[in-house]
Amino acid sequence: MKWLNKLFNRNDAMNERDPNQSNAYDMIGGDKTIKAIAEHFYHYMATNANVRPLRDIHPQSLQDSEQKLYEFLSGWLGGPQLFQQRHGNPALRARHMPFAIDESMRDQWLECMGYALGKSLKSPEHQKVIFQAISTLADHMRNQPNQS
């Protein structure tokens, strides 16, 4: 878990990665693995009825969304800062504010991500650590009160 914690303590203003620094991006297989995560994520979203509400808030074509997830994950996991280079600061919460994100929507997103990580990452430890970290991020995206 230290490798992921170290990654999160890096300078967010960094536009380029340090190729001499080992990080999550390298440990999980780099670009090919990141692309696989994004592909599996959106395939799951598109084909599973239990995440239909999440699918419904996305554009008809998921291609752009998949590309943006790939770009974001690349930088978030310590690889090239593709999202930042192409779109500026991720400012994820602000970018998602137009969408009603409650616990159910968060859980649907995490279901897709859990599937994608399980299909794309060989190491159960890497799956666990990344899922825990991304769960915190997903929870931060909620902008609707809990339903009682």
Main-chain N/O of [Y] paired to [X] side chain as donor or acceptor, under 3.5 Å:
X: R52; Y: T47; value: no
X: N48; Y: N50; value: no
X: Q144; Y: A100; value: no
X: S74; Y: L82; value: no

| request: Let me see the working for H96 and N143 under side chain to side chain contact (heavy atoms under 4.5 Å, CB included), right down to the final yes or no. | output: CA-CA 9 Å; H96 289 82; N143 57 26; 5.5 Å; no
| field | Heavy-atom side-chain proximity of D64 to P59 below 4.5 angstrom | value | no
| Are side-chain heavy atoms of L137 and W109 found at a separation under 4.5 Å? | no
| query | What's the verdict on side chain to side chain contact (heavy atoms under 4.5 Å, CB included) for F41 and E66, showing C-alpha distance, side-chain angles and the deciding distance? | reply | CA-CA 8 Å; F41 180 97; E66 183 178 315; over 6 Å; no
| field | Working for side chain to side chain contact (heavy atoms under 4.5 Å, CB included), residues F99 and M105 | value | CA-CA 10 Å; F99 308 102; M105 199 65 66; over 6 Å; no
Roughly how far, to the nearest 0.5 Å, is [atom2] of [Y] from [atom1] of [X]?
X: I37; Y: L73; atom1: CD1; atom2: CG; answer: 6.0 Å
X: E103; Y: L110; atom1: CD; atom2: CG; answer: 11.5 Å
X: R55; Y: L62; atom1: CZ; atom2: CG; answer: 3.5 Å
X: M141; Y: I101; atom1: CE; atom2: CD1; answer: 5.0 Å
X: W76; Y: Q81; atom1: CH2; atom2: CD; answer: 12.5 Å
X: Y115; Y: H40; atom1: OH; atom2: NE2; answer: 6.5 Å

| message | Can you confirm whether the side chains of E71 and Q67 place a donor and an acceptor under 3.5 Å from each other? | response | yes
| query | Will you find, in the side chains of Q132 and T136, an N or O donor that is under 3.5 Å from an N or O acceptor? | reply | no
| Which residues share a salt bridge (charged side-chain N to carboxylate O under 4.0 Å, His left out) with D31, sequence neighbours left out | K35
| field | Stepwise side chain to side chain contact (heavy atoms under 4.5 Å, CB included) test for L92 and H140 | value | CA-CA 9 Å; L92 293 178; H140 177 69; over 6 Å; no
| task | Please list all pairs passing the salt bridge (Lys or Arg N to Asp or Glu O under 4.0 Å) test where one or both residues lie in residues 106-120, with sequence neighbours left out. | result | R106-D139
| Geometric class of the H87/F83 ring pair [parallel <30°, tilted 30-60°, perpendicular >60°] | tilted
